[in-house]
Amino acid sequence: MSAPMYSGSAQLTSEPAVQAISTPLHDVRGLSRQLVDHFAAHVAPCGTLPGDALRGEVTVVTRTCLELATGVLEGRDVTAKIERLQRAGADWAREGIPIGTIHRAVHDGFARGFDLILGTATPDDYARVAVTARRLLEVLATIDSAFAVAYVREHRAVAAEHHSAVHTVTSALLAGHSTSTMARAGGVQIDGAYHVLALSIPAHPGESDASVDGSVVARRKLRRIQSELARRSAGRALSLLGSDGGTVLLPDSDPAATDLEAFLDGLSTAAQVSITATVMHTETAGIPDGAERAHELLDMVHRLECTPGLYRFDDLAMEYQLTRPGPGREYLGSLLDPLDEYPELLETLRRHIGHDLNRRRTARALSVHINTVDYRLKRIGQLTGFDPSQPSGLWYLRSALVARTYRNALPGKHFEPLFT
């Protein structure tokens, strides 16, 4: 005969045979003391809890579990008992007691309680023991669920509160406002210096799949990035991120800061797309300027269509200076105007520089004979007045490519890679 499952405030059907076999559990006070002694001796970290906690809350909850078990076995309403367990679970979640510890204690308690029932059973009690076992499994599932629900609710509330505090502190740091008071209130630790990363996150292939909801794919991508960010920085990194990018403040003292390339690779792996990032190192007070510079660099990396990866200011100092508005950029950008009518020459110059001036590799990339490369390079020198085979001429031509690419950039326009 099967027992109906417990759900919500419903009651299990009472059976006299089951009521009789639950008698060994009626001494809830004595059993509670025995179980708490067992928890203190065998279930970590119960043994390290203060005595008043063991004699108080832990004992009360243990007694509640026993009363819930006997109540279900005997068909009584146990709704209040479940609510009591959920309140205790929320308290323990706030105190940082692992839910695994709670489950271990509950399961140990049930095992010892069932041993007591078996100890009074006779060979003729098989049917009653079978029914009792099934009902105790239902009770165990109910108690496990009560604690799990309480823990999930509490952790969601804490996470939401912490997320709000992190968002507020991060915004204040980026704006250059004082953060000491709000950081202490939100439990956010402020470091003395930060690596300010500007991130560009491309769309996941699934976002353009007409058969799925692209916004869901984008949100899942962002959650994976945030989870990996928290894991790699032990929750100390501050961020303002959307599905297409944003800003990350990584504390200078964080171990993840010692290998930023690996840090970015981890985020890209989690996102399942190749992320591009630029980074500036700055004291905390300089975060607003550092963030502005990092995003300027990121904009430049996009305009130059560099390959995804991590870029530091040292890597792009010359390009950065060349792209600053002014007469120098205009002059350099105009040096290649004579090649406007010869797109194959521009492509050859770009490829040649991108392949470290190796004529054979340039020829293979363009699928032309090496003599064709030589002819085109000579023609570039004739049209521009700068010989690409000479160091001085090459410097001007390379600088002109950078300035020209940035000068010609318009929002929403696609550009050829700078050096391929």
Side-chain angles (χ1 to χ4, degrees), residues 200 202 259-262 264-265 268 273-279 296-410 412-420:
S200 175
D259 192 346
L260 292 176
E261 282 78 7
L264 184 64
D265 286 345
S268 293
V273 293
S274 297
I275 297 175
T276 300
T278 52
V279 60
E296 286 179 348
L297 288 175
L298 184 62
D299 176 69
M300 186 184 72
V301 167
H302 271 303
R303 290 176 183 268
L304 302 183
E305 294 207 0
C306 300
T307 58
L310 180 70
Y311 294 88
R312 295 173 170 82
F313 185 79
D314 292 350
D315 302 327
L316 301 167
M318 185 191 77
E319 288 85 350
Y320 179 83
Q321 193 59 42
L322 290 174
T323 58
R324 296 304 86 192
R329 189 181 76 180
E330 294 304 312
Y331 167 72
L332 288 172
S334 68
L335 295 182
L336 298 181
D337 286 351
L339 304 184
D340 284 343
E341 298 179 14
Y342 308 95
E344 73 280 3
L345 297 184
L346 270 175
E347 180 65 10
T348 299
L349 178 62
R350 184 181 293 112
R351 295 273 186 170
H352 190 52
I353 294 175
H355 286 90
D356 295 325
L357 313 183
N358 187 306
R359 292 159 49 249
R360 292 188 183 278
R361 289 174 56 194
T362 301
R364 284 198 299 269
L366 294 171
S367 299
V368 299
H369 193 275
I370 191 171
N371 290 342
T372 302
V373 173
D374 291 337
Y375 169 78
R376 290 181 181 179
L377 293 175
K378 182 178 180 180
R379 184 68 175 144
I380 289 169
Q382 292 172 345
L383 291 171
T384 63
F386 298 99
D387 186 351
S389 66
Q390 298 296 320
S392 60
L394 182 63
W395 188 94
Y396 271 99
L397 291 171
R398 188 182 190 282
S399 300
L401 271 177
V402 174
R404 176 187 176 88
T405 303
Y406 202 89
R407 182 192 67 173
N408 293 342
L410 293 173
K413 183 179 177 182
H414 176 76
F415 301 98
E416 292 300 317
L418 180 58
F419 306 126
T420 55

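Here, residue 1 is the first one in the sequence, and each next residue gets the next number.
Ion pairing of Asp337 with Arg404 is present here, as a side-chain N (NZ or NE/NH1/NH2) and a carboxylate O approach within less than 4.0 Å.
With a 4.5 Å cut-off on side-chain heavy atoms, Thr384 and Leu335 do not count as touching. Taking 4.5 Å as the limit, some side-chain heavy atom of Arg379 sits within range of a side-chain heavy atom of Tyr342.
In this structure, Ser268 contributes its side chain and Ile275 its backbone to a donor-acceptor pair below 3.5 Å. At distances below 3.5 Å, at least one donor-acceptor pair connects side-chain atoms of Thr348 with backbone N or O atoms of Glu344. Checking side-chain atoms of Ser399 against main-chain N and O of Tyr396 turns up no donor-acceptor pair under 3.5 Å.
With values rounded to the nearest 0.5 angstrom, Leu383 atom CG is found 12.5 Å from Lys378 atom NZ. To the nearest 0.5 angstrom, Leu264 atom CG is 8.0 Å from Glu261 atom CD. Put simply, CG on Leu297 and NE2 on His302 are 12.0 Å apart, with the number rounded to the nearest 0.5 Å. Atom CG of Leu310 is separated from atom CG of Asp315 by 7.5 Å, given to the nearest 0.5 angstrom. Rounding to the nearest 0.5 angstrom, the gap separating the CG atom in Leu377 from the CG atom in Leu345 is 9.0 Å. Residue Thr362 holds its OG1 atom at 8.5 Å from CD1 of Ile370, rounded to the nearest 0.5 Å.
Closest heavy-atom contact between Ala365 and Arg351: CB-NH1, 3.8 Å. Scanning both residues, Pro202 and Ser200, for their nearest heavy atoms gives CD-O, 3.6 Å. When all heavy atoms are compared, the tightest approach of Asp387 to Leu397 is C-CD1, 4.5 Å. Of all non-hydrogen atoms in Pro308 and Thr276, the two that sit nearest each other are CA-OG1, 3.2 Å. Taking every heavy atom of both residues into account, Arg312 and Val279 meet most closely at CG-CG1, 3.5 Å. The two residues His352 and Asn358 make their nearest non-hydrogen contact at CE1-N, 4.1 Å.
Heavy atoms from other residues, nucleotides or ligands lying under 6.0 Å from CD of Glu341 number 12 at most.
Looking at Leu366, Leu349, Asn371 one by one, the single match for side-chain contact (heavy atoms from CB on, under 4.5 Å) with Arg376 turns out to be Leu366.
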